[in-house]
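Atoms within each ligand, like the ligands themselves, are counted from 1 in listed order.
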Amino acid sequence: MLTVHHLGVSQSERIVWLCEELQIPYELKRYHRDPQVRGAPPEYKALHPLGAAPVITDGEVVMAESGAIVDYIIARYGDGRLAVPHDAANYPDYIYWFHYVNGTFQPAAMVDMILAHAGLPSDNLLLQAMAARLIRSVEAVDNRLGQADFLAGDQLTAADIMMVFSLTTMRYFNPFSLSGYPNILAYLQRIGERPAYLSAMAKADPGMPPLLA
Ligand SMILES: N[C@@H](CCC(=O)N[C@@H](CS)C(=O)NCC(=O)O)C(=O)O
């Protein structure tokens with residue numbers, strides 16, 4: 001049985017959402033963050049040497065890393081649904097935006113958050129450079145969503161499943177504003193109309209309002 005180990009308020013919400021979109025059987029195990037350091041509790045860290053969410057188990061398979069898990073589930077259980085075939089015209093968009101999320105966007109949001117807590121003066125050049133990088137990263141997404149309803153084109157794909165955490169729940173940790181980005185805001189409204197997204201969020205983090213605005 002595929003088991004999704006979900007750490008509360010974390011990137012593993014992506015995997016719950018993926019399973020709900022694909023409507024595949026899975027078991028959800030929820031873990032609460034350590035109340036003091038806000039990290040994964042010891043029982044989560046014991047699942048995989050990385051000790052970070054998401055983690056899935058599936059028979060003998062124990063896998064971490066969002067992108068790898070998304071690819072694995074789509075290939076093994078999704079019949080390729082929510083991916084884009086290699087010979088499709090929008091395949092380059094699909095792989096670009098899929099990898100953009102954890103390759104560029106999420107690191108930019110993390111570094112910006114860490115530096116904001118480092119007590120640096122506001123004229124610190126590294127602080128400013130990293131804040132500018134996050135703004136450029138958000139702008140790129142907004143520009144793309146001005147061209148298409150979803151990152152890979154007119155249909156939701158796994159690239160969107162990767163992206164949405166970084167635009168929503170990530171803002172509980174780093175509250176960057178989306179107010180100047182109308183295409184992202186319209187996109188998040190579309191996401192918020194999806195029953196699979198709403199049911200995933202209700203199962204993963206009951207009571208936590210998705211930050212869709
Ligand atoms: N690149 C990794 C990042 C994993 C990661 O940093 N997860 C965070 C949650 S969003 C985590 O587990 N933090 C708690 C901890 O490290 O103790 C992925 O996408 O799977």
Side-chain angles (χ1 to χ4, degrees), residues 2-22 26 28-58 61-78 82-83 94-118 130 133-134 137-138 141 151 157-176 188 191 197 200-201 203-212:
L2 173 65
T3 301
V4 179
H5 299 269
H6 174 59
L7 175 66
V9 197
S10 85
Q11 295 180 61
S12 47
E13 72 177 40
R14 293 169 172 150
I15 313 305
V16 185
W17 182 22
L18 175 67
C19 292
E20 294 289 319
E21 288 284 349
L22 292 173
Y26 71 103
L28 176 63
K29 285 198 181 164
R30 295 172 57 233
Y31 302 72
H32 298 291
R33 285 177 181 267
D34 180 303
Q36 282 184 330
V37 289
R38 303 276 295 138
E43 60 272 28
Y44 201 94
K45 292 201 174 294
L47 291 168
H48 185 279
L50 191 63
V55 173
I56 58 159
T57 48
D58 187 23
V61 175
V62 181
M63 189 179 287
E65 205 59 57
S66 301
I69 293 171
V70 169
D71 272 346
Y72 173 88
I73 292 176
I74 286 175
R76 283 243 163 127
Y77 297 109
L82 295 180
Y94 172 68
I95 47 167
Y96 175 76
W97 291 106
F98 185 103
H99 290 286
Y100 174 82
V101 178
N102 271 7
T104 291
F105 192 106
Q106 182 64 22
M110 286 288 292
V111 169
D112 181 71
M113 176 186 79
I114 291 163
L115 290 180
H117 286 86
M130 293 301 110
R133 175 178 285 213
L134 176 58
S137 303
V138 179
V141 177
L151 291 173
T157 68
D160 304 292
I161 304 263
M162 291 293 291
M163 184 81 248
V164 168
F165 164 86
S166 300
L167 294 171
T168 57
T169 306
M170 183 61 197
R171 287 188 292 126
Y172 278 115
F173 300 94
N174 181 356
F176 58 89
L188 293 180
I191 298 294
Y197 177 75
M201 296 306 290
K203 288 179 185 176
D205 289 290
M208 180 187 83
L211 289 182
L212 297 167

Minimal heavy-atom distance between Gly207 and Pro209, with the atoms involved, is O-CD, 3.3 Å

Kindly say whether Val37 contributes a backbone atom to a donor-acceptor pair with the side chain of Asp34 at under 3.5 angstrom? yes

Atom of Leu188, atom of Leu211 and distance for their closest heavy-atom approach: CD1-O, 4.2 Å

Does Thr169 reach the main-chain N or O of Phe165 with its side chain, forming a donor-acceptor pair under 3.5 Å? no

Nearest non-hydrogen protein atom, atom 15 (C) of ligand 1: Ala40 N, 3.6 Å

Of all protein heavy atoms, the one nearest atom 20 (O) of ligand 1 is Ser66 N, 2.9 Å

With heavy atoms and a 4.0 Å threshold, my read on which part of Leu7 contacts ligand 1 is side chain

Write down the atom of Val9, the atom of Phe173, and the distance for their closest heavy-atom approach. O-CZ, 3.4 Å

Does Thr157 offer a backbone N or O that forms a donor-acceptor pair with the side chain of Asp160 under 3.5 Å? yes

Protein heavy-atom partner closest to atom 6 (O) of ligand 1 - residue, atom, separation in Å: Gln11 NE2, 3.8 Å

When you measure from the heavy atoms of Ala64 to every atom of ligand 1, does any distance fall below 4.0 Å? no

protein heavy-atom neighbour closest to atom 7 (N) of ligand 1 works out as Ala53 O, 2.8 Å

Give a yes/no verdict on whether any heavy atom in Arg33 is under 4.0 Å from an atom of ligand 1. yes

Can you tell which part of Asn102 has a heavy atom less than 4.0 Å from ligand 1: side chain, backbone, both or neither? side chain

Tell me whether Arg38 has any N or O atom under 3.5 angstrom from an N or O of ligand 1. no

Heavy-atom closest pair, residues Ser166 and Arg14: OG-NH2, 3.3 Å

Parallel, tilted or perpendicular for His5 and Tyr44, by the 30°/60° rule? perpendicular

Which ligand 1 atoms are under 4.0 Å away from a heavy-atom of Ser10? 9 (C), 10 (S)

Any idea which protein heavy atom is nearest atom 2 (C) of ligand 1, and the distance to it? Glu65 OE2, 3.1 Å

Identify, for atom 16 (O) of ligand 1, the protein heavy atom at the shortest distance, and state residue, atom and that distance. Lys45 NZ, 4.0 Å

